[in-house]
Amino acid sequence: MEIVLSAAIGILAASGVWLLLRPRTFQVIVGLCLLSYAVNLFIFAMGRLMVGVPPIMPRGGFIDPTAYADPLPQALVLTAIVIGFAATALFLVVLIAARGLTGNDHVDGKEPEA
Amino acid sequence: MIEENLLLILVALPFAAALATSTMSPRAHDAAAWVSGLFLAAGGVVLALLHGAIGAGQVVRGQIGWVPALGLDLSFRMDGFVWLFVSLIFGIGSLVLIYARYYLSKTDPVPRFYAFLMAFTGAMVGVVLSGNILMLVVFWELTSILSFLLIGYWHQGQAARDGARMALIVTGAGGLCLLLAMILLGQIVGSHDLDRVLASGDLVRAHPLYPLVLGLFLIGCFTKSAQMPFHFWLPGAMAAPTPVSAFLHSATMVKAGVFLLVRFSPVLGQTDLWFHLVTGTGMATLVLGAFLAIFRHDLKGLLAYSTISHLGLITALAGIGSDGAILAAIFHLLNHAVFKASLFMAAGIIDHETGTRDMRRLGGLRHAMPVTASLAIVASAAMAGVPLLNGFLSKEMFFAAAADWNNGSWLDNALPYWAVLAGAFSVAYSLRFIASVFFGPVATDLPRSPHEPPALMRRPVEALVLICLLVGILPGLTLGPVLHLAAVSVLGPDLPYTDIALWHGLTLPLAMSCVALVAGVGLHALFHAAIARGPEGPPLLHRLRAQKLFERTMFLLTWTLPRLGLRLFGTERLQPQLRLIVLLALAAAAVPLWGVLAPAADPLSVPLNPAFAAMWAAGAACALGAAALAKYHRFAAVILLGGAGAVTCLTFAWLSAPDLAVTQLLVEIVTTVLLLLGLRWLPKRREEIAADRLLPARLRRARDFVIAGTVGIGLAAVAHVMMTWPLIPNVGDWFLRNAYHEGGGTNVVNVILVDFRAFDTFGEITVLAIVGITVFALLRRFRPAPESTTRTEEEAGLRDPTLAHALLVPSVIMRWMFPVLIVLAAILFFRGHDLPGGGFSAGVTVSIAILLQYLGHDLRWVEARLTVLPIRWMGVGLLIAGGTGLGAFVFGHPFLTAHARYVDLPLIGQVPAATALIFDAGVFALVLGVTVLMLIALAHQSLRIARLRERDRAAQKEREAA
Amino acid sequence: MSAPESLPWWIAAPVAAFLLLGSTLTLLGAVGLVRLKSFYDRLHAPALGTSWGAAAILIASLLSWSWLQDRVFIHELVIGICVMATTPVTMMLLGRAALHRDRQDAPPPPRDPAQD
Amino acid sequence: MTPLLAFALTYAQFALALAACLAALRILLGPRAQDRVLALEALYVATMLLFIVTGMRMGTPFLFEAALVIAVAGFVSTVSAAKFLLRGEVIE
Amino acid sequence: MIPAPEHLIIAPILIPFFAGALMLIYDDRQRRAKLAISLVSAFATLVCALELLSRAKAQGPGGAEAGLYRLGDWVAPWGIVLVNDRLSALMLVLTGLLALPALVYAAAGWHRQGPHFHSLFQFLLMGLNGAFLTGDLFNLFVFFELLLAASYGLLLHGGGQLRVRAGLHYIAVNLTGSALFLIGVSLIYGASGTLNMAQLAGLVPDLPEGRRALFQAGAALMGLAFLIKAGIWPLSFWLPTAYMASAAPVAAIFAIMTKVGVYVILRLSFLLFGAGAGASAGFGAPVLIAGGMATILFGVIGILAAQGLGRIAAHLVLVSSGTILTAAGVVLAGADGAILAAALFYLLNSTLATSALFLLIEPMSREEGGIAGLLALTADAYGLDEREEEAAPGAGLAIPGTLTVLGLSFGACALALAGLPPLAGFLGKLGMLQGLLAAGPASAALHWIFAALLLGAGLATLIGLVRVGVQSFWAADAPPPRVLALEIAPVVALIGLMVLLSLKAAPVLGYMQQTARALVPPQSVVVPAVAPVTAPEVAP
Amino acid sequence: MTRLFPHPLLTLALTLMWLMLTRFSLGHLLLGAAVAILAGLAFARLEPEPPRLRAIWPLIRLAAVVSVDILRSNWAVARRMLHDGGRCPRRSGFVAIPLRLRDPVALALLALVVAATPGTAWIEYDPATGVLVLHVFDLHDAETLRAEIRARYESRLLEAFG
């Protein structure tokens with residue numbers, strides 16, 4: 001599982017970064033989305049992998065932490081998801097506005113010369 | 001005690017004057033002059049009061065603390081030398097004041113001038129009086145700044161602006177060097193107190209940093225005193241009003257440099273290095289300055305070069321450093337101030353009365369202004385070193401020092417010859433000044449008809465010339481004792497009294513003077529006609545002017561090169577910036593990890609499930625596909641992104657994070673819709689960009705491909721290693737143990753979010769709110785690209801009219817889903833604390849429900865039925881969340897302290913009643929508001945465009961009708 | 001936590017059968033999605049997954065959970081109903097969009113070729 | 001556990017994952033936009049079923065929520081995509 | 001009077017929060033009410049910050065009993081704590097000092113240029129204050145995002161092509177930075193198992209090699225994210241355009257935005273990589289030094305090559321943060337803490353001065369017509385929702401002697417920024433120079449280079465500013481522009497602050513020295529926040 | 001009462017849904033009912049008029065028929081997927097069916113049925129003419145199909161909704 005997940009993180013990150021370096025605003029936003037998936041999974045991976053043991057416990061009593069997934073990275077990912085969503089939305093609107101004002105969808109607002 | 005206060009008053013007086021004058025009305029000429037004069041007179045009184053103590057050989061000190069941590073204190077000290085210099089400043093200052101009163105035009109904002117002038121005086125006094133070497137630099141820089149303002153006083157002229165700027169830059173830069181020198185000196189000595197520094201000469205000279213300190217110090221002094229090769233700012237500064245020149249460029253500012261040389265010669269002097277640097281520079285300046293002065297046609301230009309030359313003389317004396325030389329330096333410092341100030345004033349009068357300063361146009365002025373003529377003649381005779389005048393005495397002493405001193409170096413041997421040569425030059429330019437202005441044929445084509453200036457304007461000149469005569473004739477009686485006092489305070493108390501007398505007998509210096517006088521007259525007689533015809537500068541060399549050179553260098557250094565540098569080292573394009581960030585991130589991670597990162601010996605691992613791998617095959621395909629297609633097939637990229645997102649969600653679920661899966665999924669949906677909403681405003685992608693096929697583009701892509709691949713591999717490697725390492729005890733365990741008892745919930749993630757780390761959530765919802773209002777604000781001013789608006793028109797034409805009914809059947813189902821989604825949201829909300837879900841998920845779900853209605857119908861249909869005031873929702877949500885947090889204050893707990901317990905309600909049973917639930921309600925309201933706001937604000941653009949088009953069409957019709 | 005291990009064979013067998021059926025159908029649908037040549041044909045493929053494919057799996061889930069939790073566990077019904085209710089919306093819109101776009105691209109619309 | 005059930009679960013997981021793969025392949029291949037949307041829908045359904053099967057296999061009921069969310073809300077993204085294809089805008 | 005003194009620490013976060021949230025409920029047309037709320041909030045925040053400062057000062061020199069606030073009543077490291085020590089209190093006060101003038105300036109008309117200006121502004125304050133106060137790494141991320149989000153909004157405030165284009169770059173760069181931040185935080189968590197800064201500091205010395213490497217990689221990535229925000233070369237190309245494009249009051253408050261990055265670098269470097277950090281001690285110092293000096297150089301180039309005052313001001317921001325970063329690096333590498341104290345003093349002054357300069361730009365370069373003309377210029381052709389444009393803007397008291405006041409203010413800013421006496425800029429530089437050269441000839445070559453750069457940057461600033469000043473004050477023939485008292489008062493106030501800073505340099509510098517002393521031996525900063533993680537509290 | 005329960009059936013169904021998704025308990029019944037009422041009220045904003053449902057029985061019969069049809073067509077289509085072509089080549093095509101049904105809710109139900117049975121796909125419905133265009137995966141005889149749809153589904157829906 002670990003190898004698959006890390007490969008997945010790698011591929012998502014690579015696609016994201018590649019798009020991030022492209023000249024079109026739309027490519028950049030898709031890249032940011034992909035990158036944020038990769039980052040979320042990465043944070044998540046920091047809590048190690050647990051299959052079938054959600055961080056939800058029976059009521060009452062103490063439990064053995066090792067039998068449960070580390071909840072903190074999950075909480076962090078949740079926050080990161082929300083913030084990433086907000087950022088994506090904002091970037092989208094800005095890119096649309098930039099497109100409207102500059103007339104093209106290049107990240108610099110103007111087509112490169114030559 | 002009284003003296004201490006007097007000292008402080010003395011420094012404060014000019015600044016007080018500046019403050020007073022600066023607040024005056026621009027038309028209050030006389031008042032400003034009077035106030036300044038009164039303050040200066042008061043200064044004179046103070047000086048007189050201090051004379052007693054000074055005359056007794058005392059050093060008066062006064063101190064106010066400022067920043068003791070930096071060794072920076074407003075400490076002042078006054079000895080004989082300083083007293084003399086301060087008297088000079090005040091004296092010449094008063095005369096300049098009177099002069100300026102008549103010189104400056106009524107239309108100028110004169111109080112400002114006085115304010116600057118007084119502030120400058122204060123700064124100058126500060127330089128001289130400072131008993132702290134750092135404070136000295138402070139005042140030093142102040143003089144630079146104020147001189148900038150004074151030179152640029154007539155800022156309407158380009159020359160004044162350039163001159164002011166150049167003066168500021170040169171002297172300011174010198175000041176910075178001086179600052180460094182002083183810091184180092186302070187550290188070598190261990191104190192910034194001037195007295196201690198002056199007493200530590202041996203320590204300083206033995207220090208390995210001595211050459212550096214000396215170099216920096218000398219740069220500071222030389223720039224200020226306009227020594228070669230920094231002399232060029234002074235002629236440029238002649239664009240200043242004449243009173244400024246008379247004050248700054250004869251008596252004060254330029255003298256600050258030589259003052260420091262003299263002052264510090266006991267500390268830094270008496271070494272070969274000092275001698276060669278200082279005397280060498282001084283002599284070069286002396287000779288070259290005098291030589292160049294001969295060729296100037298501009299009166300003030302001639303005086304400026306003459307000043308440079310005389311400053312060189314003093315510098316050379318300071319470099320020689322013998323007792324006699326220092327005495328001569330101090331003496332000449334005074335003498336030069338006196339005669340040069342009077343000459344500047346005279347030049348100003350001439351300029352004022354005739355309207356020109358060009359010697360080639362002037363002539364025969366002795367008829368029109370006989371008094372001024374005689375005054376100027378006497379003063380220039382002093383400048384030339386004619387006997388019976390003060391200039392002669394100090395020059396004689398200089399010759400003596402030049403001839404006397406013998407350390408055997410070539411420079412020393414050459415000194416007398418150079419001195420005589422310079423003397424001859426100075427006679428020549430003085431003669432030229434007199435002859436061409438006052439003698440010869442009467443000039444006819446002058447801008448104004450000359451006559452004598454107002455009497456009061458002439459008074460200062462008269463006073464100065466009188467001093468020239470008095471000192472020249474009766475040196476021992478007038479200046480002798482004071483001079484001795486000054487010299488003692490520089491050289492130490494055991495200095496024998498030197499009698500300055502007019503006649504020492506037939507000595508070598510006298511002979512040298514005679515030679516210089518004769519040679520000078522000869523030079524003038526031979527060349528004056530040729531010079532008048534020639535260019536402004538020596539033959540051949542006049543094109544090579546330091547000023548031009550400096551300007552060109554400055555232009556290169558401060559404009560051309562920086563522009564080039566900005567192009568080379570900076571970019572405003574986004575791609576290189578992001579590439580740099582990515583590359584640096586790679587480096588930042590690689591450097592610590594290189595060679596250290598290794599899989600654990602006993603790796604943790606979860607057995608592989610082939611289905612999981614297959615899922616990620618799909619996910620990877622989606623991700624790569626999105627990367628490949630985002631350029632030409634945006635729609636496909638959005639869909640692929642959705643695919644990758646779905647797989648990510650599944651991964652979260654698979655790996656025991658149902659909360660994440662739910663949230664990610666909901667966010668995913670909204671993001672997709674947002675992207676689709678945005679897609680409409682992007683330009684239609686042209687099929688292919690031709691340049692993309694070219695080699696450079698391919699190379700760029702290849703490079704980015706490598707970068708992206710490396711990032712991917714690196715991140716994957718780090719993630720893999722981390723995942724296979726055993727988990728260390730971390731704070732997560734505690735959460736697991738305590739979530740139920742302390743947080744009152746079984747869903748630890750949610751308990752963390754709304755209780756343990758509710759503050760994160762609190763911040764996060766604020767982020768959402770901010771983004772919401774930003775989107776709103778931005779879209780209020782949205783302006784679509786022209787072709788996006790026309791496009792809809794085309795499509796509208798293409799649309800099958802029956803398509804308006806296309807949504808009839810689907811919309812029914814969409815409406816039905818509305819309550820279902822609401823119930824789902826409620827479920828997610830209420831079970832959040834115990835099971836996956838929570839306010840965020842619930843908010844997004846409701847907004848999806850609303851969005852669905854927008855999808856199934858049109859904006860107006862929905863908005864006629866559902867009123868969503870997103871911004872209100874946001875505000876209320878934030879207030880609820882914040883208010884819940886504040887509620888804890890009432891019970892004396894910190895912000896966001898949650899209270900949770902299960903309440904037993906009759907009939908219903910145990911009900912979780914956590915304040916976190918209220919907090920979550922706030923989150924819910926906010927998320928709902930924000931999500932709806934973003935979606936709807938974007939969607940509304942279409943409507944706006946439609947309305948706009950209608951308006952345009954109506955306008956068009958009106959126009960056609962008209 | 002209870003796990004599928006505790007299921008007796010007489011529940012496990014139908015559960016297994018339903019699972020096999022459902023997943024196979026869904027897989028077949030996906031195969032069809034890839035193999036079929038025209039878009040309109042492909043439009044039918046996912047229906048396999050959304051109708052009996054989903055239903056079978058949901059029934060399997062329902063059976064096993066109902067046993068495991070000792071009471072009737074009918075979450076799945078809600079999912080089933082929702083899937084049934086929502087998939088047509090996409091399909092309808094997609095079909096219509098395809099038709100619309102085909103008409104735009106090729107003016108003679110493929111209207112009722114079957115009526116000949 | 002009966003080996004039959006174990007096999008069925010593994011098989012179901014793999015079959016569904018494969019189905020998702022095939023759907024992803026269709027998204028990639030296109031050729032037209034509607035194909036991609038259709039395939040995304042299929043991918044969503046496969047994912048949802050996979051949630052349920054995985055939940056069964058692991059014995060946790062918590063994945064169910066995610067399945068429910070896909071079932072109830074997942075179609076929104078495909079619907080909006082379809083509407084985009086149909087009308088050129090998502091909301092009018 | 002403070003009703004609940006124990007809650008004072010969180011007040012600088014909550015006051016702006018509630019003000020911002022409250023204003024969302026108000027209709028956008030009630031600008032006067034919003035302005036009033038905004039001003040009151042900013043003022044109250046400043047008062048709280050001052051009180052916090054005096055509390056921080058009252059703490060011992062080591063800051064052993066640093067002010068702690070446990071959010072949700074959870075003990076660190078499980079809960080989030082806010083930490084008020086000298087450094088954070090200082091930054092809070094600085095924020096407050098910048099916020100009020102910027103708001104007053106905005107009241108002259110800028111706040112009418114788009115909806116919800118005041119809410120965004122308050123949220124920015126909240127984010128800034130939160131970032132300065134928090135003692136938790138992830139919470140820091142949240143507040144960073146908060147202040148960034150608000151800054152996006154403010155940067156875009158007013159719209160227009162230039163802003164939107166700059167905003168696009170700004171957002172893209174910062175989002176990338178946020179991704180780095182997240183990766184860094186999670187690496188640190190993975191390697192150490194905690195997010196609490198103080199606990200982390202306690203764990204760092206004993207980290208085994210592999211984990212240490214991961215921890216350092218995480219810290220490096222996170223540091224990169226901060227350095228982007230601090231504007232270090234070569235990650236600062238977004239900054240000049242963004243700062244230049246933003247509206248004047250926004251740029252004025254942005255003057256502190258880079259300082260947030262600097263602040264975090266200072267805080268974390270000395271906490272995690274200070275002398276007590278074992279094998280990690282001094283980590284990152286070479287990068288800070290090299291990068292900081294490159295930033296100064298780049299800023300200097302930018303200042304000289306700039307054509308407008310806006311660009312100069314933006315590059316001055318770079319010079320300022322480069323200077324502090326280099327100083328931090330030098331101290332981290334083992335130099336005297338006095339340099340840091342002086343650098344903090346310099347920070348205070350340069351931030352105030354750049355802020356004032358940003359406020360000056362617009363009145364100085366304004367053509368005829370004042371703010372009214374400006375509004376007309378940017379009024380949207382597509383303004384279908386006209387209700388936001390109020391009638392007759394630009395009303396207000398115009399000041400007499402415009403040029404004199406503007407010129408004096410400009411001159412003061414120029415002096416302060418160039419580091420010329422007698423304003424405080426000189427004192428900061430002097431302090432740094434003294435610290436750098438303290439070791440005499442034994443000082444590393446690096447110190448000499450830094451000293452030379454410091455002076456050179458000052459000179460270049462002088463040249464650049466004088467060039468612009470001469471152009472706009474001396475070479476201009478146009479009649480003086482109409483400047484409202486509301487626009488110039490904030491500038492004068494800021495300059496007044498600088499003067500005050502110069503006059504009261506001794507106590508301020510003393511404070512800075514205490515701050516530096518608390519930073520440089522890091523163990524003492526937040527010690528009480530540490531609780532052993534291995535022995536968790538067990539609830540009854 | 002109608003103000004509180006504009007859509008009683010819906011409210012009931014939603015309460016049931018709540019109970020299914022949570023636990024059967026009195027508390028959940030009350031909470032669920034409350035949420036359901038709220039949701040029903042929200043729905044009433046969109047659709048003030050409840051659907052004109054005359055009889056339920058035909059709908060139940062329809063459900064029975066449809067479930068059988070779904071099984072059948074599933075089998076048919078699945079087979080076709082596996083061996084496409086083969087003995088008798090598959091022909092797919094469009095079928096236009098003029099409908100008498102006008103009620104949107106009924107049409108929606110018909111759409112559900114059509115979509116749920118693999119092998120038929122709803123392509124287009126024109127409210128002006130009342131013509132429904134289906135795409136059929138394996139079309140043998142358009143006329144039979146038309147008749148089948150009319151008889152099996154439409155008539156029952158007509159009974160239920162009029």
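Protein chains get the first letters and strands the later ones, always in sequence-line order, with residue 1 at the start of each. We use all heavy atoms of the structure for the numbers below, so side chains are in, but hydrogens, waters and symmetry mates are not.
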Part of [X] lying under 4.5 Å from any heavy atom of chain D:
X: Met817(B); value: side chain
X: Gln664(B); value: neither
X: Tyr854(B); value: both
X: Leu855(B); value: both
X: Leu852(B); value: side chain
X: Leu629(B); value: side chain

Could you state the interatomic distance from [atom1] ([X]) to [atom2] ([Y]), rounded to the nearest 0.5 Å?
X: Met814(B); Y: Phe75(D); atom1: CE; atom2: CZ; result: 6.5 Å
X: Thr78(D); Y: Ile639(B); atom1: OG1; atom2: CD1; result: 8.0 Å
X: Leu676(B); Y: Ser77(D); atom1: CG; atom2: OG; result: 8.5 Å
X: Arg57(D); Y: Trp654(B); atom1: CZ; atom2: CH2; result: 7.5 Å
X: Leu824(B); Y: Leu68(D); atom1: CG; atom2: CG; result: 5.0 Å
X: Arg32(D); Y: His633(B); atom1: CZ; atom2: NE2; result: 11.0 Å

Residue selection (most heavy-atom pairs with chain D, distance under 4.5 Å) from Leu640(B), Ile848(B), Thr672(B), Leu624(B): Leu640(B)
If we only count heavy atoms from C-beta on, is the Leu85(D) to Phe635(B) side-chain gap below 4.5 Å? yes
Which residues from residues 641-649 of chain B are near chain D, with near meaning under 4.5 Å between non-hydrogen atoms?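 So far as heavy atoms go, Gly642(B), Gly643(B), Ala646(B), Cys649(B) are the residues that approach chain D to under 4.5 Å.
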What part of [X] lies closer than 4.5 angstrom to a heavy atom of chain B: side chain, backbone, both or neither?
X: Phe84(D); result: side chain
X: Ile70(D); result: both
X: Thr54(D); result: side chain

What heavy-atom pair brings Ile669(B) and Ala73(D) nearest, and what distance separates the two atoms? CD1-O, 3.4 Å
How close do Leu665(B) and Ala66(D) get, counting heavy atoms only, and between which atoms? CD2-O, 3.6 Å
Winner by heavy-atom pair count (cut-off under 4.5 Å) against chain B, out of [options]:
options: Gly74(D), Ala20(D), Ala24(D), Ala81(D); result: Ala81(D)
options: Val72(D), Asp35(D), Leu43(D); result: Val72(D)
options: Thr47(D), Leu18(D), Leu25(D); result: Thr47(D)
options: Thr10(D), Leu16(D), Ile27(D), Val79(D); result: Ile27(D)

